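The structure appears right after this line, and notes come after that.
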Amino acid sequence: MAARVRWFVGWCSCLLAAAAAGQGSGDAVARVDGYLGSVRTLTAEFAQVVRNRDGQVVDRASGTLSLSRPNRFRWDYEKPYLQTIVADGERLWLYDSDLEQVTVRALEAGLGSTPAMLLSGSGKVGDAFAALAVERARDWTWCRLRPKQDDSDFESVSLAFDARGELAGMELRDKLGQTTVIEFGKLRRNVPLDTGLFRFEPPPGADVIGRAVP
């Protein structure tokens, strides 16, 4: 659970680095604000593969995600087992169905001072990331970034955009040499979303760790 939460925080950080394809490394950061300005809601399916430093697959997962700016998002892992991460605007809920355990904390405390907090809407990508490069690989354009925080878990984050300029994939490289690659499908922006997606009630009988009161 902890590894996937850590990946989720990284994903939030990377999403905020989303930008249209540019000609130089600086363009990856410079165009972020324009992209974010166009995003009110987002939904997608995802497939995730994690490899260790030797290139061996150590985890596969898939599911769906939804977000509504600011401060609301939902990440549902459906395979190989069920896990849910929900931010309701004030709290961050982590639910592991196998353990029947819910962890809840204040949203800001849950994500700490990580770049993921940029998802709240007021932060600038350039405050948290330095541009590395913009690279073309087959039909995708990759925006590669480096976290400025020395205590970040990640060495680099990269987002891929398709020919339409839409988010297509991402890659996270952590300081232990592990690489997480995500491909997104059926991505939609700015569609109406049920606000109930971003509310969470602990299932009956689940152990709750932390305080639900913000």
Side-chain angles (χ1 to χ4, degrees), residues 1-18 36 39-46 48 50 59 61-125 127-129 147-149 151-154 157 159 167 170 172 174-175 178 180 182 184 187 189 193-214:
M1 181 70 167
R4 289 189 174 166
V5 171
R6 184 167 60 87
W7 174 86
F8 173 78
V9 169
W11 177 85
C12 292
S13 305
C14 294
L15 178 60
L16 294 166
L36 289 177
V39 177
R40 298 185 304 275
T41 67
L42 183 149
T43 66
E45 297 179 354
F46 72 88
Q48 170 181 322
V50 181
D59 186 50
S62 61
T64 61
L65 64 94
S66 302
L67 69 85
S68 178
R69 300 179 66 231
N71 299 331
R72 289 168 174 80
F73 41 82
R74 183 183 187 99
W75 190 267
D76 286 305
Y77 285 89
E78 298 170 354
K79 295 180 180 179
Y81 46 86
L82 300 177
Q83 291 182 335
T84 301
I85 304 172
V86 176
D88 63 10
E90 296 180 326
R91 294 151 298 196
L92 183 68
W93 301 85
L94 315 173
Y95 174 55
D96 188 313
S97 62
D98 283 354
L99 297 177
E100 295 186 334
Q101 183 179 90
V102 176
T103 302
V104 58
R105 62 196 74 168
L107 180 59
E108 184 173 357
L111 296 181
S113 60
T114 69
M117 287 306 296
L118 290 173
L119 193 61
S120 298
S122 60
K124 300 294 185 181
V125 172
D127 292 341
F129 292 98
K148 290 182 177 180
Q149 289 182 314
D151 59 353
S152 171
D153 290 330
F154 300 95
V157 295
L159 285 93
L167 183 64
M170 61 167 291
L172 298 173
D174 69 22
K175 292 181 176 178
Q178 185 168 270
T180 301
I182 313 296
F184 298 107
L187 188 146
R189 281 190 285 163
L193 295 180
D194 185 348
T195 57
L197 283 170
F198 310 109
R199 291 194 295 266
F200 184 84
E201 291 290 337
D207 292 329
V208 178
I209 301 173
R211 296 183 60 194
V213 177

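All values reported here derive from a predicted model rather than from experimental measurement. Just the heavy atoms: all of them, side chains too, but no hydrogens, waters or symmetry mates, feed the values below.
For Thr103, the side-chain contact (heavy atoms from CB on, under 4.5 Å) criterion is met by Leu94, Gln101, Arg105, Ile209, not counting sequence neighbours. Under the salt bridge (charged side-chain N to carboxylate O under 4.0 Å, His left out) criterion, Glu45 pairs with Lys186, not counting sequence neighbours. Listed by chain and number, the residues in a side-chain contact (heavy atoms from CB on, under 4.5 Å) with Ser97 are Leu82, Tyr95 (sequence neighbours excluded).
Taking the side chain as every heavy atom from C-beta outward, Trp93 and Thr84 never approach each other to under 4.5 Å. Side-chain contact between Phe200 and Val102 is present, with at least one heavy-atom pair separated by less than 4.5 Å. At a threshold of 4.5 Å between non-hydrogen side-chain atoms, the residues Leu67 and Leu193 do not count as touching. Considering only heavy atoms from C-beta on, Asp59 comes within 4.5 Å of Gln48 through its side chain. The shortest distance between side-chain heavy atoms of Ile85 and Leu92 falls below 4.5 Å. Proximity of Val157 to Met170: side-chain heavy atoms (C-beta onward) are nowhere separated by under 4.5 Å. Looking at heavy atoms from C-beta onward, Asn71 lies out of side-chain contact with Phe198 at the 4.5 angstrom threshold.
A donor-acceptor pair under 3.5 Å links the side-chain atoms of Asp88 to the main chain of Arg91, judged by distance alone.
Closest approach of Val208 and Pro202 over heavy atoms only: CG2-CB, 3.9 Å. Minimum interatomic distance between Leu187 and Leu167 (heavy atoms only, all atoms of both residues): CD1-O, 3.7 Å.
Considering CG of Leu99 and CG of Asp207, their distance stands at 9.5 Å, rounded to 0.5 Å. Here CZ of Arg74 is found 8.0 Å from OG1 of Thr64. Values are rounded to the nearest 0.5 Å. Between the CD atom in Gln83 and the CG atom in Asp76 there is a gap of 10.5 Å [rounded to 0.5 Å]. The structure places CZ of Phe46 at 7.0 Å from CD1 of Ile182, a figure rounded to the nearest 0.5 Å.
Shown are Thr41, Val39, Thr195; of these, the side chain to side chain contact (heavy atoms under 4.5 Å, CB included) with Ser68 is made only by Thr41.
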